[in-house]
Amino acid sequence: GAGVSQSPRYKVAKRGQDVALRCDPISGHVSLFWYQQALGQGPEFLTYFQNEAQLDKSGLPSDRFFAERPEGSVSTLKIQRTQQEDSAVYLCASSPGGPGIPGELFFGEGSRLTVL
Amino acid sequence: RKEVEQDPGPFNVPEGATVAFNCTYSNSASQSFFWYRQDCRKEPKLLMSVYSSGNEDGRFTAQLNRASQYISLLIRDSKLSDSATYLCVVTQFNYGQNFVFGPGTRLSVLP
């Protein structure tokens with residue numbers, strides 16, 4: 001399809017396991033964002049890429065969280081040694097705009113992570 | 001204090017009612033403003049941008065007050081299908097873009 005695709009849609013992990021969440025943005029979109037959304041809350045910013053460059057990672061909650069977008073398209077969010085507080089929906093969004101161009105964000109359906 | 005604040009609601013209104021939501025933001029350097037809609041267990045989707053002069057899209061009207069740092073959304077003649085969470089979004093440019101979301105206001109339109 002032409003939209004943002006995320007996988008897996010659902011992930012159950014035991015505490016301490018590592019997880020990797022994938023985002024396939026809309027082709028040609030320059031900007032890619034990761035957000036964390038807890039139940040009943042708004043999306044919280046994690047990190048932002050412009051092409052392959054990670055320009056802002058100020059929202060990553062700890063050094064257990066790592067994101068990459070090596071070829072400027074697909075991105076992976078990795079969480080090491082998962083904790084129960086990591087349970088949330090992880091949303092990926094892409095936007096055609098580059099710096100200074102606040103284009104519309106197109107979201108994927110999210111990856112729902114549950115840490116037991 | 002959160003950068004973007006909203007009344008979480010829920011707002012329960014009958015069909016046909018007019019309902020208004022407000023949102024306040026703390027960063028006076030914020031540059032662009034939006035309302036997103038999020039249905040239950042779905043991803044957020046853009047509802048409308050918010051311009052300084054105010055703008056209207058059918059039953060929806062958005063207003064921005066930069067001096068007071070608040071944004072509003074007015075929904076007229078509300079429909080059952082308007083039931084959703086409405087997210088206020090503010091952009092700030094650091095190295096690139098940073099879209100900051102409010103916690104959302106939940107609306108239930110009742111028959």
### Message
Set out, in order, the CA-CA distance, both residues' side-chain angles and the distance that settles side-chain contact (heavy atoms from CB on, under 4.5 Å) for B:Phe101 and A:Gln41, then state yes or no.
### Response
CA-CA 10 Å; B:Phe101 283 74; A:Gln41 302 295 315; over 6 Å; no

### Query
Counting heavy-atom pairs under 4.5 Å to chain A, which of B:Pro44, B:Cys88, B:Pro103 comes out on top?
B:Pro44

### Task
Identify which one of A:Gln37, A:Gln6, A:Glu109 satisfies the side-chain contact (heavy atoms from CB on, under 4.5 Å) criterion when paired with B:Glu43.
A:Glu109

### Query
Which bit of B:Gln38 comes within less than 4.5 Å of chain A, counting heavy atoms only: side chain, backbone, both or neither?
side chain

#### Entry: Heavy atoms from other residues, nucleotides or ligands near CZ of B:Arg106 exceed 12 (cutoff 6.0 Å)
no

### Query
Do you know the tightest heavy-atom contact between B:Leu87 and A:Gly42?
CD2-CA, 4.1 Å

### Query
Does the side chain of B:Phe99 come within less than 4.5 Å of A:Leu105's, by heavy atoms?
yes

### Query
Quick one: do B:Phe34 and A:Leu32 end up in the same hydrophobic cluster if we chain Ile, Leu, Val, Met, Phe, Trp and Tyr together by side-chain heavy atoms under 4.5 Å apart?
no

#### Entry: CZ (A:Arg64) with more than 12 external heavy atoms under 6.0 Å
yes

### Task
Take atom OH of B:Tyr70 as the centre, draw a 6.0 Å sphere, and report whether it contains more than 12 heavy atoms from other residues, nucleotides or ligands.
no

### Task
Give a yes or no on whether A:Leu116 atom CG has more than 12 heavy-atom contacts from other residues, nucleotides or ligands under 6.0 Å away.
yes

### Message
Which atoms of A:Tyr35 are under 4.5 Å from chain B, going by heavy atoms: the side chain, the backbone, both sets, or neither?
### Response
side chain

### CD/A:Glu71: more than 12 non-hydrogen atoms of other groups inside 6.0 Å
no

